[in-house]
Amino acid sequence: MEKEKSLKGLSGYLFVILILVFIGVGILNLIYSSQTPLTVVVSVLLFILAGFTMAGLIVINPNESGVMVLFGDYKGTIKQNGFFWVNPFYVKKKISLRARNLNRDPIKVNDRLGNPIMIGIVMVWRVENTFKAAFEVDDYNHFVDIQSESATRKLAGHYAYDNFDDEQKEITLRAGGEEVHQALEKELSERLAMAGIKVLEARISYLAYASEIAGAMLRRQQATAVVAARTKIVEGAVSMVELALDQLSRKKVIELDEDKKATMISNLMVVLCSDKDTTPVVNTGTLHQ
């Protein structure tokens with residue numbers, strides 16, 4: 001398989017001087033020589049030669065390249081910026097090497113659980129291999145656009161939008177962070193490598209449930225948050241009751257039988273878990289003398 005190869009052009013300034021010489025000689029030949037068919041033909045040939053030579057001039061700007069093809073044969077790529085002259089028969093194709101942004105509009109896809117979501121990505125990329133960009137695909141810009149959409153759909157199908165039961169249980173699109181972004185970059189890099197494209201960075205720029213289920217999912221999130229908060233409160237209350245019973249038993253401040261322990265626990269749980277400011281009166285037992 002043919003690879004990218006470097007090509008060096010000749011100085012374009014020298015050939016500009018040569019072109020001016022051809023044109024000047026042709027004009028002087030017409031003015032000062034006898035107007036014979038031969039002199040006219042010579043002047044015309046000089047003008048044609050000047051035009052032919054001029055066709056070989058090319059300017060390569062910084063972070064730009066020129067791919068050269070001669071009768072279907074790839075000759076090389078000029079990446080050095082400057083003013084050059086190359087074979088006039090070369091077909092020249094300029095390819096930018098600058099970094100570019102792709103900010104895709106959000107598209108509707110299904111996540112791993114089948115929920116319809118809206119997801120958009122932003123990507124920074126540039127051409128790394130000019131041979132592949134020019135000859136492996138028809139239009140590398142269009143190729144990047146289509147493959148970025150395919151990679152986005154594949155990424156969404158591998159992860160759930162969110163995990164309501166346990167956020168630490170698995171990676172999700174919403175909470176995956178760098179791991180999800182790295183997976184996106186890897187997928188894009190693999191897809192775009194055949195076109196000589198290097199992915200510099202890829203991120204999820206937009207993520208939301210589709211409009212038809214957004215309301216229901218919002219209510220589910222709110223309910224999950226309430227349940228989680230209540231669970232934390234109960235866990236904290238149980239820990240405080242255990243601590244209280246342990247301190248009372250260890251320091252022998254008060255003796256509690258099983259019934260009074262049950263009553264105390266019940267009242268403490270009501271106080272700790274209740275939203276109201278209540279102060280129940282508890283009969284906790286008798287003090288040691």
Q) Could you give the distance from CD1 (Ile60) to NZ (Lys92), rounded to the nearest 0.5 Å? A) 10.0 Å

**Q.** Stepwise side-chain hydrogen bond (donor to acceptor under 3.5 Å, both in side chains) check, Ser43 with Asn29
**A.** CA-CA 6 Å; Ser43 295; Asn29 185 56; 2.8 Å; yes

Q | Euclidean distance, Ile78 CD1 relative to Lys94 NZ, rounded to 0.5 Å | A | 10.0 Å

(Q) Between Lys79 and Glu4, does any side-chain N to carboxylate O distance fall below 4.0 Å? (A) yes

Q. Same cluster or not: are Val21 and Tyr13 linked, directly or through other Ile, Leu, Val, Met, Phe, Trp or Tyr residues, by side-chain heavy atoms under 4.5 angstrom apart?
A. yes

Q) Does CD in Gln80 sit with more than 12 non-hydrogen atoms of other residues, nucleotides or ligands closer than 6.0 Å? A) no

(Q) Please check this pair: side chain of Asn129 against backbone of Lys132, looking for a donor-acceptor N/O pair closer than 3.5 Å. (A) yes

Q: Assess the pair Tyr74 and Phe135: is the distance between their ring centroids shorter than 6.0 Å?
A: yes

Q) Between Met68 and Ile58, does a side chain to side chain contact (heavy atoms under 4.5 Å, CB included) hold up when you go through it step by step? A) CA-CA 11 Å; Met68 304 299 158; Ile58 184 173; 3.4 Å; yes

(Q) Starting from Leu30, can I reach Ile19 by hopping between I/L/V/M/F/W/Y residues whose side chains sit under 4.5 Å apart? (A) yes

Q) What are the two closest heavy atoms between Ser148 and Met123, and how far apart are they? A) CB-CE, 4.5 Å

Q: Determine the minimum heavy-atom distance between Ser96 and Tyr140, stating which atoms define it.
A: N-OH, 4.2 Å

(Q) With a 4.5 Å cut-off on side-chain heavy atoms, are Ile107 and Arg153 touching? (A) yes

**Q.** Arg104 side chain vs Asp145 backbone, donor-acceptor pair below 3.5 Å
**A.** yes

(Q) For Gln147 versus Leu188, what's the shortest heavy-atom pair and its separation? (A) O-CD2, 4.2 Å

Q: For residues Leu46 and Ile23, determine if any side-chain heavy atom of one lies less than 4.5 Å from a side-chain heavy atom of the other.
A: no

Q.
For Phe15 and Phe83: C-alpha separation, side-chain torsions, deciding distance, then whether side chain to side chain contact (heavy atoms under 4.5 Å, CB included) applies.
A. CA-CA 10 Å; Phe15 282 86; Phe83 184 41; over 6 Å; no

(Q) Can you tell me how far apart CZ (Arg174) and CG (Asp162) are? Round to the nearest 0.5 Å. (A) 4.0 Å

Q | Worked check of side chain to side chain contact (heavy atoms under 4.5 Å, CB included) between Val127 and Trp125 | A | CA-CA 7 Å; Val127 174; Trp125 63 278; 4.2 Å; yes

Q: Starting from the C-alpha separation in whole Å, work towards a yes-or-no answer on side chain to side chain contact (heavy atoms under 4.5 Å, CB included) for Lys108 and Ile117.
A: CA-CA 6 Å; Lys108 182 186 290 187; Ile117 63 173; over 6 Å; no

Q: Identify the heavy atoms of Phe22 and Ala50 that sit nearest to each other, and give their distance.
A: CB-CB, 3.8 Å

Q. Counting heavy atoms not belonging to Glu179, are there more than 12 under 6.0 Å from its CD?
A. no

Q) Looking at side-chain heavy atoms only, is the closest gap between Phe52 and Phe89 below 4.5 Å? A) yes

Q. Does Leu10 belong to the same Ile/Leu/Val/Met/Phe/Trp/Tyr cluster as Leu20, with side-chain heavy atoms less than 4.5 Å apart forming each link?
A. yes

Q. Are Phe47 and Ile31 connected, step by step, through hydrophobic side chains (Ile, Leu, Val, Met, Phe, Trp, Tyr) whose heavy atoms are closer than 4.5 Å?
A. yes

Q: Output yes when a side-chain donor or acceptor of Ser65 lies under 3.5 Å from a complementary backbone atom of Ile95, and no otherwise.
A: yes

**Q.** Joint cluster assignment, Ile119 & Val180, ILVMFWY side-chain distance < 4.5 Å
**A.** yes

Q.
Within the structure provided, determine whether Asn103 and Ile121 are in side-chain contact (heavy-atom separation under 4.5 Å).
A. no

Q | Rounded distance [0.5 Å steps], OG in Ser189 versus CD1 in Ile197 | A | 11.0 Å

Q. Hey, what do you get for CZ (Arg203) to CD (Gln182), rounding to the nearest 0.5 Å?
A. 8.5 Å

**Q.** Test item: Ile146 and Arg191 side chains (from C-beta on) under 4.5 Å apart, heavy atoms
**A.** no

Q: Would you kindly say whether Asn141 and Arg100 are connected by a side-chain donor-acceptor distance under 3.5 Å?
A: yes

Q) Going by heavy atoms in the side chains, are Met54 and Leu57 under 4.5 Å from each other? A) yes

Q: May I ask you to decide if Tyr161's main-chain N or O and Asp111's side chain share a donor-acceptor pair within less than 3.5 Å?
A: yes

**Q.** Over 12 foreign heavy atoms within 6.0 Å of NZ, Lys5
**A.** yes

Q | Under 3.5 Å side-chain donor-acceptor pair for Thr77 and Thr130 | A | yes

Q) Can you tell me how far CD of Glu178 sits from CD of Glu185, rounded to the nearest 0.5 angstrom? A) 8.0 Å

Q | Sidechain-backbone polar pair: Ser205 side chain, Gly120 backbone, donor-acceptor under 3.5 Å | A | yes

Q.
Given 3.5 Å as the limit, does a donor-acceptor pair link the side chain of Trp85 with the main chain of Leu14, or not?
A. no

Q.
With heavy-atom distances below 4.5 Å as the criterion, would you say the side chains of Tyr32 and Ile27 are in contact?
A. no

Q) Which pair of heavy atoms, one from Ala151 and one from Glu187, lies closest together, and at what distance? A) CB-CG, 3.7 Å

Q) Does some side-chain heavy atom of Tyr159 sit less than 4.5 Å from a side-chain heavy atom of Thr172? A) no

Q: Kindly give the heavy-atom pair with the smallest separation between Ile204 and Leu184, and that separation in Å.
A: N-CD2, 4.4 Å

